[in-house]
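What follows is a set of notes on a single structure, which appears directly below.
Not measured: the values here are computed from a predicted model.
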Amino acid sequence: MAFTLRDPACLAKELVNTCVAANALAIWSLGQAGIIIKNHAGDLLAIDPYLSDAIERHNPGTEFVRRFPPVLPPEALAVCNAILITHYHDDHMDWGTLGPLALCSPELPYWIPAPDGRALQREMPAMAGQIHLAKTGQLIEAGEFQILPVAAAHSDYECDEEGNDRYLGYHITCNDLSLWHSGDTLVTPALQAQMHSLKPDIALLPINGGDSARKARGIMPNMSFRDAADLHHAIGSDLLLPCHYDLFSCNSDNPAWFVDDMLTRYPGKKFHLLMPGERFIYQA
């Protein structure tokens with residue numbers, strides 16, 4: 001079934017024209033794990049934007065073929081205050097997006113987990129000043145957003161020789177609202193305990209899971225839809241936004257199973273399935 005997508009020009013204008021109340025956040029889905037967040041001050045963050053077809057273009061015959069075209073051109077992200085990257089996989093750190101965006105917005109900071117960010121600074125000296133190193137526990141500021149990098153386990157924790165995590169999520173606060181983008185990760189006791197302490201209002205979690213067939217093809221697992229539902233309940237978040245289920249049919253589980261599980265085991269707990277390009281307003 002083909003996705004019905006919004007006009008990219010209209011969506012780009014909406015990013016600029018949307019006014020957000022002081023006790024609210026505007027959230028747009030870019031598909032896969034990509035989102036844009038806007039606060040009351042007009043600050044914009046993009047996380048893991050995959051707005052190209054670089055994977056299939058550079059790897060003919062790959063099973064990772066987009067189910068729908070990019071919802072925006074990369075250049076539309078020039079209005080953002082920062083780009084946050086959770087890890088190096090091509091559907092999260094996409095140079096088919098980041099390269100064209102850098103040409104039109106060379107001052108826009110890209111926050112990349114330190115192990116791969118440092119390597120990119122060496123390999124791409126012309127962009128070294130644009131690439132910033134995201135490190136677990138070291139606060140990032142972008143406009144009025146406060147951003148805390150959080151270690152992620154995809155499918156285990158991985159650090160460089162200096163102890164910097166290669167996989168991250170981001171806990172983002174503005175005023176009294178908070179959103180946690182977990183990045184690609186499994187649920188671990190340490191992660192659950194940290195998020196129970198932080199108690200984000202919104203949790204954006206992958207639900208594609210993993211299995212032996214995908215493992216045999218080298219596809220790393222994420223938390224399952226049941227894991228995401230359990231974590232949402234355990235940490236006391238108000239709203240769960242599932243992700244990582246819509247773009248690649250080869251690495252997905254049916255989101256209807258997630259819906260059924262939530263309604264069966266956690267009736268009354270809030271969730272919303274974002275469609276590609278959809279704007280969602282969260283208000284406290």
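- In the hydrophobic clustering of ILVMFWY residues, with side-chain heavy atoms under 4.5 Å counting as a link, Phe145 and Ile202 come out together.
- In this structure, the ring of Tyr266 has its center less than 6.0 angstrom from the ring center of His233.
- Using a 30° and 60° split on the angle between ring planes, Tyr167 and His154 fall in the perpendicular class, above 60°.
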For a quick test of your reading: what N or O donor-acceptor pairs under 3.5 Å do the side chains of residues 102-114 make, sequence neighbours left out?
from   : atom 1 : to     : atom 2 : distance (Å)
Tyr110 : OH     : Leu98  : O      : 2.7
Tyr110 : OH     : Ala102 : N      : 3.2

### Query
Can you list the steps and then say if Asn208 with Asn222 is a side chain to side chain donor-acceptor pair (under 3.5 Å)?
CA-CA 6 Å; Asn208 59 307; Asn222 271 322; 2.9 Å; yes
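- A donor-acceptor pair under 3.5 Å is formed between the side chain of Lys38 and the backbone N or O of Val16.
- In Arg226, the CZ atom is not crowded: 12 or fewer heavy atoms of neighbouring residues, nucleotides or ligands sit closer than 6.0 Å.
- The shortest non-hydrogen separation linking Asp43 to Glu144 is OD2-N, 2.7 Å.
- Looking only at distances, no side-chain donor or acceptor of Gln32 sits under 3.5 Å from a matching main-chain atom of Cys243.
- Atom CG of Asp176 is surrounded by 12 or fewer heavy atoms from other residues, nucleotides or ligands within 6.0 Å.
- Closest approach of Met195 to Pro200, counting heavy atoms only: O-CD, 3.6 Å.
- Look at Arg214 and Asp253 and you find a salt bridge, because one of the NZ, NE, NH1 or NH2 atoms lies within 4.0 Å of a carboxylate O, short of that distance.
- Asp94 and Asp90 make their closest contact through CB-O, 3.4 Å (heavy atoms, listed as atom of the first residue, atom of the second, distance).
- Residues forming a side chain to side chain donor-acceptor pair (under 3.5 Å) with Asp227 (at least two apart in sequence, or on another chain): Ser224.
- Between Asp160 and Arg118 a salt bridge is recorded (basic side-chain N to carboxylate O distance below 4.0 Å).
- Following chains of ILVMFWY side-chain contacts shorter than 4.5 Å, one can reach Phe258 starting from Val187, so the two form part of one hydrophobic cluster.
- Checked for salt-bridge contact, Arg166 and Asp116 meet the test: a charged N lies under 4.0 Å from a carboxylate O.
- Legend: ring pair (Phe, Tyr, Trp, His ring centres under 6.0 Å) pairs involving residues 17-55, not counting sequence neighbours: none detected.
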